[in-house]
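Have a look at this one.
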Protein chains: 2
Amino acid sequence: MRTLLGSLRIQIPEQLYVKDPETTDLGKRIVEHSILLINELGFECFTFRKLGAAIGSPESTIYRYFENKHKLLLYLISWYWAWLEYKVVFATANVETAKDQLCNSIRTICETVKQDQNFSHINEEVLQRIVIAESSKTFLTKEIDQENKNGYFKNYKNLIERLAGIISDLNPDFKHPRTLASTLLEANHLQKFFGEHMPSITDIATQDEDLILFIETMTTSILNYGPKRS
Amino acid sequence: MRTLLGSLRIQIPEQLYVKDPETTDLGKRIVEHSILLINELGFECFTFRKLGAAIGSPESTIYRYFENKHKLLLYLISWYWAWLEYKVVFATANVETAKDQLCNSIRTICETVKQDQNFSHINEEVLQRIVIAESSKTFLTKEIDQENKNGYFKNYKNLIERLAGIISDLNPDFKHPRTLASTLLEANHLQKFFGEHMPSITDIATQDEDLILFIETMTTSILNYGPKRS
DNA sequence: CAGTTATGATAGTAATACTATTATATTTGT
DNA sequence: ACAAATATAATAGTATTACTATCATAACTG
C-alpha cells in the first residue's frame, strides 16, 4: 500500500471541510488526533475543545478547518470509504473471474486493518474502529436528505456501486446488487462490534476468518440461489 | 393483537427506568409523547425540556421516571423488541414446519407496522420508525460493555435467540444462527432507511414486498447452501 | 518590507443535561 | 375525617457544550 498512499490522493468531498486539512501541518495534526481521540472517548464525548487541548491549539482554530464535529466525522469516514475502495480496486485488479474478484473484495472489506501500512498521519487501524462504532451515526440523522443531496456520502456510494458492479458481473440476473453490497458492508461492522461487545448474540470468533466465511457464504449462496429457476 | 396487548404485559428490564412509567398516567404520557417527539426531532435534538413542554410538565418530573434520555431510548427500543418477539411468537404458533416459521418471522419483522393495532398509549407505527433510525445508537456507545452487563439489551437478545432457534430448527448444521438472525434484523432497518433516504444505493422499492423477498432469499439460500456438502 | 493570511489567546452566548429546593396537590392509612 | 406520606409543579442554579467574535501576533508572499 506504500505506493498507493504515496502517489494517489484520497479524494474527499470539499463540502465536508472549511479548509482542506491536507494542505497544512496543523490540518494533518487535527485529523490525526481526532482519530485517536474519537476512538478513545467515543464520538459523543469527543469535543473540539478536547481536540484543541490534545494538539495544543484553541478550539477556534479547529473550526477554521471543520464546521463542526459531525462534519469532521463525515470527513474521516469518507476518507475510509475512499481508501477502502482503492484497496478493493487493487485487490481485484488482474483477477480473472468475477467470483474471485468478489471474494477478494469481501476479504479486503472484512480484514481487520493492521497498523503496518500506516505511512501517513492517518492511522487506518484506529480509523477502522471508528468506522465500526460510529459510521452509522453519519447518516442516521434528521439532516440526511439535505446532506445526501449535498454529496456528503459520495465516497460511500462509490464503494457500494463498485461492489454492486462486481456482484452484477458475477450474476447479471441478480436483482439486488446494491442492497447486497450495502448489507454485507454493514453486516461486517455489526458483527465485528457484536463479536467484541455482545458475544452472546454472535457465533463468530473475534478472528477475521469466521466472519469472512459467513459473509462469503451469505453472498455466494444468495447469488447462486437467487436466479436459479428451479 | 388486541388480546395480546390487553392481557400480556410487555416486560422491560427495570434497570432502564427510575419509576415504572406504566404505573401512572403521567408516566404513560411521558412514554407516549417521547415517541412522537423523538420521531419528530430526531434523538439528538430531543431533550427532556422539550418533552416536558409537550406534556406540560417541568423536565425535573421526567427525571423521576428516566435517568436520562439515553435510558428512555433504551426503554422504548426494548419495548419494541419485546413487542416484536410476541408478534413472532404468534406468527409461528401452530405452524408446522421450521421453514414456514422462519418465513412468517421474517415477514413479521419486515412488515411496516400499520397504525390500527394501536390500542395502548404506544404508537407502534411511529416507534418502528424510531427503531429504524435510532436503535443502533443504543449500543454504539463507549458504555456498551457495562450496559450489556447490566442487562439493558435483554429484550434484543431474546428476540435474536428466538430467531436463531428457528434457524437452527430449520438447519441444525448451520454454524451461525445468531449471526444470521442479527444480520437479517439489522439489514431490514438499514435497507428501509436507505430506501427512504439514499435510494440510489438500493434496488428496493419502498413497498415491503421487495425487501421481504431479498431478506427471505438471503436467509433461505444461506441455509440451503451452508451445510450442503458438495 | 508591506500586506495578507494563519494561528493563538481570550471572551462571550445560548442551549443542554442535569441537580436542588420549596410549595402545593393528591393519595393513603387509621 | 385527618395526619402523614408521596407525587408533581414551579423555579433556580451549575458545569459543559457548541459554537461565534475579537484582537494580537507570527509566518509566509509579492
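Naming convention: chains lettered A, B, ... in sequence-line order (proteins, then strands); numbering from 1 in each chain. Note that the structure is a prediction, hence the values are computed from the model and not measured.
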| field | Nearest-angstrom distance from the residue atom CZ of A:Phe46 to C1' of D:dT16 | value |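 Whole-Å distance recorded here is 16 Å.
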| task | Answer yes or no: does a side-chain N or O of A:Thr61 lie under 4.0 Å from OP1 or OP2 of C:dG8? | result |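 Looking at the OP1 and OP2 atoms of C:dG8, one of them is under 4.0 Å from a side-chain N or O of A:Thr61.
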| Is a donor on one side and an acceptor on the other found under 3.5 Å between the side chain of A:Asp203 and the backbone of B:Arg178? |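 Yes, because the side chain of A:Asp203 sits within donor-acceptor range (under 3.5 Å) of the backbone of B:Arg178.
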| request: For C:dC18, take OP1 and OP2 only and decide whether either is under 4.0 Å from a side-chain N or O of B:Lys71. | output: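 No, outside the criterion.
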| said: For D:dA21 and A:Tyr63 - does any side-chain N or O of the residue sit under 4.0 Å from the phosphate oxygens OP1/OP2? | reply: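 For D:dA21, neither OP1 nor OP2 has a side-chain N or O of A:Tyr63 closer than 4.0 Å.
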| Atom pair distance, as rounded to whole Å: CG in B:Leu41 and C1' in C:dA15 |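 So the CG-C1' distance, B:Leu41 to C:dA15, works out to 14 Å.
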| task | Name the nucleic acid region contacted by B:Tyr65, choosing base, sugar-phosphate or nothing; use a 4.0 angstrom heavy-atom cut-off, strictly under. | result |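 Sugar-phosphate contact only - B:Tyr65 comes under 4.0 Å of backbone atoms but never of a base.
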| request: In whole angstrom, give the distance that lies between atom CD1 of B:Ile30 and atom P of D:dT8. | output: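 After rounding, the reported distance stands at 8 Å.
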| Protein-nucleotide distance (A:Glu59, atom CD; C:dG12, atom P), rounded to Å |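 It is 15 Å, rounded to the nearest whole Å.
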| said: Using whole Å, what does the distance between atom P of nucleotide C:dT19 and atom CD of B:Glu67 come to? | reply: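 Rounded to the whole Å, the gap is 8 Å.
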| said: Between B:Trp83 and B:Tyr86, does the ring pair (Phe, Tyr, Trp, His ring centres under 6.0 Å) criterion hold? Intermediate values first, please. | reply: CA-CA 5 Å; B:Trp83 178 74; B:Tyr86 278 116; over 10 Å; no
| message | Among D:dG13, D:dA7, C:dT10, which nucleotide has an atom closest to any side-chain atom of A:Pro58? | response |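 Output: C:dT10.
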| Side chains of B:Gln128 and B:Tyr80: is there a donor and an acceptor less than 3.5 Å apart? |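 Per modelled atom types, B:Gln128 and B:Tyr80 side chains form a pair under 3.5 Å.
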| message | Students often get this wrong, so: under 4.0 angstrom with heavy atoms, is A:Ser60 touching a base, only sugar-phosphate, or nothing? | response |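 Base, at least one base heavy atom under 4.0 Å.
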| 5' priority, DNA chain D, between A:Arg64 and A:Thr47 [closest heavy atom] |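 So the residue in question is A:Thr47.
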| message | In whole Å, I'd like the distance from the NZ atom of B:Lys50 to the P atom of C:dC18. | response |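 In whole Å, C:dC18 P and B:Lys50 NZ are 15 Å from each other.
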| query | Would one find a side-chain N or O of A:Lys69 under 4.0 angstrom from OP1 or OP2 of D:dC19? | reply |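 No, because none of the side-chain N or O atoms of A:Lys69 sits under 4.0 Å from OP1 or OP2 of D:dC19.
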| task | Examine D:dT8: is either OP1 or OP2 under 4.0 Å from a nitrogen or oxygen in the side chain of B:Ser57? Give yes or no. | result |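 So the side-chain polar atoms of B:Ser57 never come under 4.0 Å of the phosphate oxygens OP1 or OP2 of D:dT8.
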| message | If I take atom CD in residue B:Glu44 and atom P in nucleotide D:dC19, what distance separates them, rounded to the nearest angstrom? | response |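 Whole-Å distance recorded here is 13 Å.
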| A:Thr141 vs B:Glu44, side chain to side chain donor-acceptor pair (under 3.5 Å): CA-CA, chis, key distance, verdict | CA-CA 8 Å; A:Thr141 71; B:Glu44 283 74 23; over 6 Å; no
| said: Given the ring of A:Phe43, does A:Lys69 sit roughly above its face, with NZ or CZ under 6.0 Å from the centre of the six-membered ring and within 45° of the axis? | reply: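 Yes, A:Lys69 lies over the aromatic ring of A:Phe43.
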| request: Whole angstrom is fine here: how far is it from NE2 in B:His70 over to P in C:dC18? | output: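 To the nearest whole Å, that distance equals 11 Å.
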